[in-house]
Amino acid sequence: VFGRDINLILILNNLSSDRKTVKVDMSASTILYTRRTVAEILKASTSVELGPKQGKHIRVKIPYSHYRRYLTTDKRIQVTALCEVMRTQGLKLLVEKTIILEDTNIIIKLPRRIVVNKAVTLEISYANPLPEPVSRCVLLVTLMNQQVKINVARLAPRERSKIYFEFTPRRTGPLQLQVDFSCDKFSHVKGFVTIAVAPS
């Protein structure tokens with residue numbers, strides 16, 4: 001989850017009946033959705049001794065403090081592990097994983113029934129997932145081809161807050177509501193909901 005430390009496990013298995021020494025070079029970088037690298041945030045090397053038919057786990061931790069400045073709005077991190085079996089003729093294995101950090105920041109609560117030409121109030125809750133305070137907080141609410149910008153108070157570490165948003169639907173059928181939350185530490189955390197508007 002965005003704002004938390006990332007914990008990964010690399011599993012190595014020796015399928016042969018011989019003892020093996022494996023050198024592992026690990027790296028992690030923040031990337032764009034096009035896979036273009038933004039910044040390297042982790043580089044580590046280790047060697048592992050594997051007995052016959054033995055498996056071992058290598059734990060990797062990427063602290064939030066390592067990636068917080070370099071994460072883009074795509075919230076993607078590419079992790080690679082180059083595993084080289086020593087004393088063999090260039091036997092190497094490259095393992096790659098792309099991590100997309102989830103947002104759990106925005107929750108939109110609707111009344112059970114929404115009727116055309118009748119005012120309705122929605123509850124929009126939003127959160128700071130970070131272990132540090134955030135300021136200059138803005139909610140951008142888009143509904144019925146209109147945008148409303150709402151400046152909201154700063155949030156303490158891990159704090160959740162909420163606002164109430166009132167509108168009157170002018171036609172029946174589905175409506176798309178989008179909420180975009182930005183602050184001084186991150187931007188464009190989005191929430192979506194489809195509103196079903198019933199006839200009166």
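Side chains included, hydrogens not; waters and symmetry mates left out as well; all remaining heavy atoms used.
Heavy-atom neighbours of Y33 OH from other residues, nucleotides or ligands within 6.0 Å: at or below the threshold of 12. Crowding of Y70 atom OH: a count of heavy atoms from other residues, nucleotides or ligands under 6.0 Å not exceeding 12.
Using a 4.5 Å cut-off between side-chain heavy atoms of Ile, Leu, Val, Met, Phe, Trp and Tyr, with links allowed through other members, L71 and I41 fall into the same hydrophobic cluster. Both I108 and F165 belong to a single network of hydrophobic side chains, linked directly or stepwise wherever heavy atoms of I, L, V, M, F, W or Y lie under 4.5 Å apart. I163 is not connected to L140 by any chain of hydrophobic side-chain contacts under 4.5 Å among Ile, Leu, Val, Met, Phe, Trp and Tyr, and they are in different clusters. Cluster annotation: I106 and V148 are assigned to the same hydrophobic cluster (Ile/Leu/Val/Met/Phe/Trp/Tyr, side-chain heavy-atom contacts under 4.5 Å, transitive). Side-chain heavy atoms closer than 4.5 Å link hydrophobic residues (I, L, V, M, F, W, Y) into clusters, and following such links, even through other members, never connects F186 to V38.
Rounding to the nearest 0.5 angstrom, the gap separating the CG atom in L101 from the CZ atom in R4 is 12.0 Å. Separating the CZ atom in R170 from the CE atom in M144 is a distance of 7.5 Å, to the nearest 0.5 Å. Atoms CZ and CD, on F192 and Q176 in that order, are 7.0 Å from each other to the nearest 0.5 Å. The distance from atom CG of L82 to atom NZ of K23, rounded to the nearest 0.5 Å, is 8.0 Å. Note: E40 CD to H66 NE2 = 12.0 Å, rounded to the nearest 0.5 Å. If you take CD1 on I195 and CG on L122, they are separated by 5.0 Å, rounding to the nearest 0.5 Å.
With contacts defined as side-chain heavy-atom distances shorter than 4.5 Å, the pair Y67/I6 qualifies. Between R68 and L130 there is no side-chain heavy-atom pair separated by less than 4.5 Å. Using a 4.5 Å cut-off on side-chain heavy atoms (C-beta onward), E96 and V79 make no contact. Looking only at side-chain heavy atoms (C-beta outward), I150 and V138 stay at 4.5 Å or farther from each other. Within the 4.5 Å cutoff, side-chain heavy atoms of I99 are placed close to those of L8. Side-chain atoms of I62 and D5, non-hydrogen and from C-beta on, never get closer than 4.5 Å to each other. Residues S29 and T37 are in side-chain contact: their nearest non-hydrogen atoms beyond the backbone lie under 4.5 Å apart. The shortest distance between side-chain heavy atoms of R171 and L175 falls below 4.5 Å.
Pairs engaging residues 135-152 under the side chain to side chain donor-acceptor pair (under 3.5 Å) rule: S135-D184, T142-Q147 [sequence neighbours left out].
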Enumerate, atom names and distances included, each donor-acceptor pair closer than 3.5 Å involving a side-chain atom of residues 43-60, sequence neighbours excluded.
| unit_1 | atom_1 | unit_2 | atom_2 | d |
| --- | --- | --- | --- | --- |
| S45 | OG | D25 | OD1 | 2.5 |
| E49 | OE1 | T21 | OG1 | 3.0 |
| E49 | OE2 | T21 | OG1 | 2.9 |
| K53 | NZ | L15 | O | 2.7 |
| Q54 | OE1 | G51 | N | 2.5 |
| K56 | NZ | E49 | O | 2.8 |

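Contact between P199 and V115 at its shortest, heavy atoms only, is O-CG1, 3.7 Å. Closest heavy-atom contact between L10 and A81: CD2-CB, 4.0 Å. Of all non-hydrogen atoms in K61 and L42, the two that sit nearest each other are O-CD1, 4.4 Å. Between C137 and C183, the shortest heavy-atom distance links the atoms SG-CB, 3.9 Å. What you find for L155 and A127 is that their closest heavy atoms are CD1-C, 4.0 Å.
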Q) Stepwise, does the side-chain contact (heavy atoms from CB on, under 4.5 Å) test hold for H188 with S182? A) CA-CA 5 Å; H188 304 305; S182 296; 4.1 Å; yes
(Q) Is there a side-chain contact (heavy atoms from CB on, under 4.5 Å) between T168 and V120? Walk through the geometry before answering. (A) CA-CA 6 Å; T168 303; V120 60; over 6 Å; no
Q | Stepwise side-chain contact (heavy atoms from CB on, under 4.5 Å) test for N117 and S200 | A | CA-CA 8 Å; N117 293 324; S200 57; 5.8 Å; no
Q: Using the side-chain contact (heavy atoms from CB on, under 4.5 Å) rule, take D180 and V189 through it: C-alpha gap first, then chi angles, then the decisive distance, then the call.
A: CA-CA 6 Å; D180 186 307; V189 172; over 6 Å; no
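At least one donor-acceptor pair under 3.5 Å links the side chain of S16 to the backbone N or O of D18. No side-chain donor-acceptor contact under 3.5 Å links N128 to the backbone of E159.
Ring geometry for F181 versus Y126: interplanar angle of 30 to 60°, hence tilted.
Side chains of R160 and S125: a donor-acceptor N/O pair is present below 3.5 angstrom, by distance only. A side-chain donor-acceptor contact under 3.5 Å links T80 and S27.
Contact check on R158 versus E132 returns no salt bridge, with no Lys/Arg side-chain nitrogen under 4.0 Å from an Asp/Glu carboxylate oxygen.
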